[in-house]
Amino acid sequence: MVDTDFAWRLTQGLVRIDSSDPGAYEGEIERYIKALVEERLAQLSHPVLDAVQIAEHEVLPGRRNLMVTVPGLSDEPRLVYICHMDTVTLGDGWDADIPPLGAIVRNDKLYGRGACDMKGGLACAIAALVHTLERVAAEGELPRRGFSLICSVDEEDFMRGSEAAIDAGWVGSREWVLDTEPTDGQIQVAHKGRTWFEIEMAGVTAHASQPWKGADAVAAMAEVVCSLRRAFVALPAHDELGPSTITFGQIEGGYRPYVVPDRAKVWVDMRLTPPTDTAAAINMVEHAIAAAEAAVPGCHGSYAVTGDRPAIERDPVSPLLAALKCAADDVTGTDTTVGFFTGYTDTAVIAGKTGNRSCMSYGPGSLALAHKPNEYVPHADIVRCQSVLIALADNTLWGADGQVGA
């Protein structure tokens with residue numbers, strides 16, 4: 001008998017644990033999840049469960065990935081749920097009666113930092129793991145296909161947790177990999193690329209009353225910004241992922257308002273869609289710098305690529321996509337929409353680094369609420385996603401008709 005509110009209650013417990021990044025990080029929540037799994041294994045106390053493996057990997061000081069694996073009897077690709085344990089910072093702007101770690105429930109919505117991104121999804125994945133352990137104990141044998149839950153660190157920063165999981169051999173090109181990011185009820189199977197630049201402009205300082213004796217680095221940087229904006233408007237759009245976008249997230253320069261600034265720096269976030277890639281972005285940045293140097297003589301620009309994540313396009317014949325859509329359609333009684341994820345996720349990292357085409361996202365909540373004050377996840381979303389993740393595990397690990405996912 002499936003406890004339909006297991007993930008709902010667990011989400012409340014997870015939200016009350018501060019795992020902000022930067023901030024408290026993931027140490028406490030990783031220990032909490034590990035203890036929960038060990039306690040359930042001890043309660044079930046069946047010899048077949050001795051085959052279950054619990055592994056930890058310290059990715060950064062005090063920050064450990066956790067993986068729980070139920071081995072399969074065959075060599076078929078494992079089903080892997082990967083969920084990050086960190087959240088963004090707790091932040092300001094919350095209503096006075098909605099504390100970020102309060103896990104307050106109102107009108108069937110659970111409020112708190114990480115409620116939708118992604119402690120709700122993490123709880124649903126844990127529920128599927130617990131269900132799988134209980135089924136193994138009840139049937140007295142391991143499933144046909146193996147199953148792993150990976151709880152990762154650092155997703156909200158540089159995604160070093162998923163990279164470490166790849167390097168450790170926990171996940172690669174064969175597995176069927178699902179993250180449980182908030183997807184608004186959709187299955188999301190494609191991602192825009194994410195390329196980051198830091199661009200610097202060096203000028204010559206002078207008194208503001210004699211600007212011709214200096215070289216204005218801020219003015220030169222303004223030329224760079226405008227040039228890149230014009231270049232992005234001209235880029236082709238992808239049929240599914242849409243247009244490439246550019247954001248100038250942070251800028252600094254100068255040191256007094258009455259002095260010609262001799263330095264400026266901008267941090268640039270590009271979300272690239274095919275055919276535009278990082279090589280094309282580098283070409284645009286180099287042209288923008290050259291144009292700025294010509295427009296503001298005496299200034300010299302430089303750049304560094306600080307993030308390079310390729311776009312991930314849909315694989316229409318992915319066996320995981322077929323199995324997940326079948327499970328979601330059956331649970332919801334609707335034709336589940338297949339779309340794309342506007343951000344970048346752990347599964348996108350895995351797809352980009354390993355070439356794995358069966359990587360996608362499905363989880364409770366809405367990305368529009370993530371990283372904001374008064375973040376929440378609806379109760380109905382948690383119940384739906386727990387049911388879908390359990391159905392997917394049942395169908396692919398054992399096979400509802402013995403034929404799913406060879």
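Below, each value reflects all heavy atoms present in this structure, side chains not excepted, and no hydrogens, waters or symmetry copies. None of the values given here were measured: they were computed from a predicted structure.
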### Task
Begin with the C-alpha distance, continue with both residues' side-chain angles, and end with the deciding distance and a verdict on side-chain contact (heavy atoms from CB on, under 4.5 Å) for His84 and Leu122.
CA-CA 7 Å; His84 66 85; Leu122 172 59; over 6 Å; no
To check you understand the geometry: which heavy-atom pair defines the closest contact between [X] and [Y], and what is its length?
{"X": "Thr347", "Y": "Leu178", "result": "CG2-C, 3.9 Å"}
{"X": "Asp216", "Y": "Val296", "result": "O-CG1, 3.6 Å"}
{"X": "Leu321", "Y": "Pro316", "result": "CD2-O, 4.4 Å"}
{"X": "Asp154", "Y": "Gly161", "result": "CB-N, 4.0 Å"}
{"X": "Thr89", "Y": "Pro22", "result": "CG2-O, 3.3 Å"}
{"X": "Gln186", "Y": "Thr183", "result": "O-OG1, 2.7 Å"}

### Query
Applying side chain to side chain donor-acceptor pair (under 3.5 Å), which residue pairs with at least one partner in residues 294-304 are found, sequence neighbours left out?
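Matches after skipping sequence neighbours: Glu286-Tyr303.
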Any side-chain donor-acceptor pair under 3.5 Å between [X] and [Y]?
{"X": "Gln43", "Y": "Arg40", "answer": "yes"}
{"X": "Thr195", "Y": "Thr278", "answer": "yes"}
{"X": "Thr336", "Y": "Asp329", "answer": "yes"}
{"X": "Asp269", "Y": "Trp196", "answer": "yes"}
{"X": "His131", "Y": "Gln386", "answer": "no"}
{"X": "Ser19", "Y": "Asp86", "answer": "no"}

#### Entry: Arg263/Glu200 under salt bridge (charged side-chain N to carboxylate O under 4.0 Å, His left out): CA gap, chis, key distance, verdict
CA-CA 7 Å; Arg263 58 174 295 276; Glu200 296 190 64; 5.4 Å; no
### Query
Between Glu30 and Lys34, does at least one N-O distance fall below 4.0 Å, as a salt bridge requires?
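Salt bridge flag = no for Lys34 with Glu30.
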### Message
Using the rule given for side-chain contact (heavy atoms from CB on, under 4.5 Å), can you reason through Met201 versus Val266, listing the C-alpha separation, both sets of side-chain angles and the distance that settles it, and then say yes or no?
### Response
CA-CA 9 Å; Met201 192 63 64; Val266 65; over 6 Å; no
### Query
After noting the C-alpha distance and the side-chain angles of Glu139 and Arg135, does the key distance pass the salt bridge (charged side-chain N to carboxylate O under 4.0 Å, His left out) rule?
CA-CA 6 Å; Glu139 299 192 2; Arg135 181 165 176 179; 2.8 Å; yes
### Task
Check the pair Glu26 / Asp21 against side-chain contact (heavy atoms from CB on, under 4.5 Å), numbers first and verdict last.
CA-CA 8 Å; Glu26 306 90 351; Asp21 179 4; 4.2 Å; yes
### Message
Using salt bridge (charged side-chain N to carboxylate O under 4.0 Å, His left out), reason through Arg63 and Asp157 one step at a time and then give a plain yes or no.
### Response
CA-CA 13 Å; Arg63 303 175 66 184; Asp157 196 3; 5.7 Å; no
### Message
Which label fits His57 and Trp170: parallel for a plane angle under 30°, tilted from 30 to 60°, or perpendicular past 60°?
### Response
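The rings of His57 and Trp170 stand perpendicular, inter-plane angle above 60°.
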### Task
Not counting sequence neighbours, which residues clear ring-ring contact (aromatic ring centres under 6.0 Å, His included) with Phe341? List them please.
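In terms of ring-ring contact (aromatic ring centres under 6.0 Å, His included), with neighbours along the sequence ignored, Phe341 is linked to His191.
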### Query
Taking side chain as C-beta onward, heavy atoms only, is Asp97 less than 4.5 Å from Arg106?
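SC-SC contact between Asp97 and Arg106 confirmed.
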### Message
Working note: Ser152 + Asp346, criterion side-chain contact (heavy atoms from CB on, under 4.5 Å); need CA distance, chi angles, decisive distance, verdict.
### Response
CA-CA 8 Å; Ser152 67; Asp346 280 341; 2.6 Å; yes
### Query
Would Glu375 and Arg113 satisfy salt bridge (charged side-chain N to carboxylate O under 4.0 Å, His left out), going step by step from the backbone distance to the final call?
CA-CA 6 Å; Glu375 177 183 351; Arg113 176 56 75 221; 2.7 Å; yes
